[in-house]
**Student:** 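Below you'll find the structure I mean.
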Amino acid sequence: TATVGTYAATITISDVAEEADDVVVNVSMTVTEPVINDDVTGTWNLVTDAADLMEGMKVIVAQSVNASGTIYTMGKQNSNNRAQVESTVDGETLSPAVGTKVITLVDAGNGMFALQTSNGKYLSAAGSGTNNHLKEADDYNSNKEKWTITIADNKAKIQAASQNKNTIRYNSTSSLFSCYAEDGQSAIALYAKPFDYTRNVSGNYATICLPKAGKIIGATLYEIAYYGETSKKIFFDEIVNGEMEAGIPYIFQPAA
C-alpha cells in the first residue's frame, strides 16, 4: 500500500509451477512521503481528473487555454488578489516562469482541501456578491476556508466553502487571479508534478503498487500470478518489461 511508514514481513516466494525451491525473504520496506521540489523548474502536467488530486500534492493555478504558447500562471499575493506570471504551455505540459507560486493541497477530506501557499499561509476568499477578494490567512480553520475542487473538460473549478460564489478565476482585463461569481471571468486549469514514490528495501524482494502507470528502473519486475490461500505463498508470473499498470501490485527485485 501507499501508507506512509516502515513495515517488516516474512514472505515465501515460489515459481508458478512450485517446482523451484521456496525462497523465504525477510523484507523491511519504508514508504516515505511523496517528494516534490518546491520550485517551478521543469515541466508540470495538466490535471484532467480531480480524483488524481491528493493530500500533499503541489499544484500551479493557471489560465485555461486550448492552444500552445503563452499562458498566465498565478504569482505573488497582492492586497486582495494574486498577480499573473507569463509562462508557456505546450499541449498539456506547462513550463512555468520564475515568479509562479506553488500551492500545496492540505487537510484533504470530502473532496475538499485547504490551499497552503509557499509562505505557510492559506488562500482565503473574502467578500460577497459578484466580485470577491482572494487573500491569505494565517489559519484556514478559523475562516472555515477549505475549497472544493472539480474538473470538467480540463477546466478546474476551485470554490470556497465559506461563500458559494467565491470561485477562483482569471481576470484577463486586470491581469490577475481572484474570486468571482461562479461563471464570472475566465476559467482556470491546474497543473501538477507527478509524485515520486520511494521504496527503501533490504532483502531480495518486495512489492510495489503505483496509483498511475509508470516504469521501474534499476530492478527486475514480475507480475504476481496468484496468492496461495493454503500455502500462504505469492507466486511469480512473467517478467514485466514495459509499463506498470496503475493500481496493480508487482514483485520486484532491486538490482545488485
Side-chain angles (χ1 to χ4, degrees), residues 2 33-66 70-78 81-125 134-137 140 145-161 166-171 176-180 185-197 210-212 214 246:
E33 292 278 5
V35 177
I36 304 178
N37 292 330
D38 199 32
D39 60 42
V40 296
T41 56
T43 55
W44 295 64
N45 300 323
L46 180 68
V47 181
T48 59
D49 188 344
D52 292 336
L53 300 173
M54 62 185 77
E55 176 87 20
M57 180 176 280
K58 295 184 184 294
V59 298
I60 289 174
V61 178
Q63 166 198 24
S64 178
V65 296
N66 294 321
T70 300
I71 190 174
Y72 295 104
T73 51
M74 184 182 284
K76 68 177 183 178
Q77 180 69 42
N78 298 320
N81 55 64
R82 288 218 148 203
Q84 71 171 27
V85 177
E86 185 173 316
S87 299
T88 58
V89 67
D90 183 7
E92 296 187 352
T93 301
L94 172 70
S95 297
V98 174
T100 300
K101 299 300 181 181
V102 176
I103 302 297
T104 304
L105 306 180
V106 299
D107 198 9
N110 297 321
M112 303 178 73
F113 300 88
L115 307 180
Q116 188 174 39
T117 63
S118 55
N119 61 6
K121 296 182 181 292
Y122 301 89
L123 287 188
S124 170
L134 182 60
K135 296 188 175 184
E136 286 186 337
Y140 69 89
E145 207 59 276
K146 291 182 73 172
W147 304 75
T148 300
I149 303 177
T150 55
I151 297 175
D153 298 325
N154 296 340
K155 297 180 177 63
K157 179 180 177 182
I158 306 178
Q159 191 171 58
N166 281 346
T167 304
I168 298 176
R169 308 283 281 187
Y170 172 69
N171 187 327
L176 55 84
F177 292 84
S178 193
C179 285
Y180 300 93
Q185 302 302 329
S186 301
I188 60 170
L190 285 180
Y191 293 83
K193 277 189 174 180
F195 280 104
D196 293 329
Y197 292 89
L210 297 182
K212 286 193 172 184

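Throughout, residue positions are numbered sequentially from 1 according to the sequence presented. The structure presented is a predicted model; accordingly, all values stated were derived computationally and were not measured.
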**Student:** Would you find more than 12 non-hydrogen atoms of other residues, nucleotides or ligands less than 6.0 Å from N66 atom CG?
**Tutor:** no

**Student:** Counting N and O atoms only, with roles assigned by atom type, does the side chain of E145 sit under 3.5 Å from a partner on the main chain of A125, one being a donor and the other an acceptor?
**Tutor:** yes

**Student:** Minimum heavy-atom separation for D52 and M57, please, with both atom names.
**Tutor:** O-CE, 3.3 Å

**Student:** Nearest 0.5 Å, what's the CD-CD distance between Q63 and E86?
**Tutor:** 10.0 Å

**Student:** Using modelled atom types only, decide if a donor and an acceptor are shared between the side chain of S87 and the backbone of A97 within a distance under 3.5 Å.
**Tutor:** yes

**Student:** Let me confirm one number: the CG-CG distance from N81 to L134, rounded to the nearest 0.5 Å.
**Tutor:** 7.5 Å

**Student:** Among N45, T88, L46, whose side-chain contact (heavy atoms from CB on, under 4.5 Å) with T93 holds?
**Tutor:** N45

**Student:** Any side-chain to backbone donor/acceptor pair from W147 onto K157? Under 3.5 Å, distance only.
**Tutor:** no

**Student:** Does one side chain, of Y180 or N166, offer a donor that lies under 3.5 Å from an acceptor on the other?
**Tutor:** no

**Student:** Using a 4.5 Å cut-off on heavy atoms from C-beta on, say whether the side chain of V89 contacts that of T70.
**Tutor:** no

**Student:** Any heavy-atom pair between the side chains of I168 and M74 that's under 4.5 Å?
**Tutor:** yes

**Student:** Taking the basic N atoms (NZ, or NE/NH1/NH2) and the acidic carboxylate oxygens, is any pair closer than 4.0 Å for R82 and E136?
**Tutor:** yes

**Student:** When rounded to the nearest 0.5 angstrom, what is the spacing between OG in S178 and CG in N171?
**Tutor:** 8.0 Å

**Student:** Is there a side chain to side chain contact (heavy atoms under 4.5 Å, CB included) between L176 and N78 once you walk through the steps?
**Tutor:** CA-CA 9 Å; L176 55 84; N78 298 320; 5.5 Å; no

**Student:** Output yes when a side-chain donor or acceptor of K101 lies under 3.5 Å from a complementary backbone atom of A83, and no otherwise.
**Tutor:** no

**Student:** With rounding to the nearest 0.5 Å, note down the distance linking CD1 in I158 to CE in M112.
**Tutor:** 12.5 Å

**Student:** Would you check if T117 and L123 make a side-chain contact, meaning some heavy-atom pair closer than 4.5 Å?
**Tutor:** yes

**Student:** Which value, rounded to the nearest 0.5 Å, describes the distance between D90 atom CG and T43 atom OG1?
**Tutor:** 10.0 Å

**Student:** In terms of the angle between their ring planes, are F177 and Y170 parallel, tilted or perpendicular, with boundaries placed at 30° and 60°?
**Tutor:** tilted

**Student:** Taking atom CD1 of I103 and atom CD1 of I60, what is their separation to the nearest 0.5 Å?
**Tutor:** 9.5 Å

**Student:** What verdict does the side chain to side chain contact (heavy atoms under 4.5 Å, CB included) test give for V102 and S118, after you've listed the backbone C-alpha separation in whole Å, the side-chain angles of each residue and the deciding distance to 0.1 Å?
**Tutor:** CA-CA 6 Å; V102 176; S118 55; 5.7 Å; no

**Student:** Backbone N or O of K155 within a donor-acceptor pair of the D153 side chain at under 3.5 Å?
**Tutor:** no

**Student:** What verdict does the side chain to side chain contact (heavy atoms under 4.5 Å, CB included) test give for F113 and D107, after you've listed the backbone C-alpha separation in whole Å, the side-chain angles of each residue and the deciding distance to 0.1 Å?
**Tutor:** CA-CA 6 Å; F113 300 88; D107 198 9; over 6 Å; no

**Student:** Where do Y191 and I71 land on the side chain to side chain contact (heavy atoms under 4.5 Å, CB included) test, with the steps shown first?
**Tutor:** CA-CA 12 Å; Y191 293 83; I71 190 174; 3.8 Å; yes

**Student:** Would you say that V106 contacts Y122 through its side chain, given a criterion of any heavy-atom pair below 4.5 Å between the two side chains?
**Tutor:** yes

**Student:** Can you check whether V85's main-chain N or O pairs, donor with acceptor, with T73's side chain at less than 3.5 Å?
**Tutor:** yes

**Student:** Does either side chain, that of K58 or that of T104, offer a donor lying less than 3.5 Å from an acceptor on the other one?
**Tutor:** yes

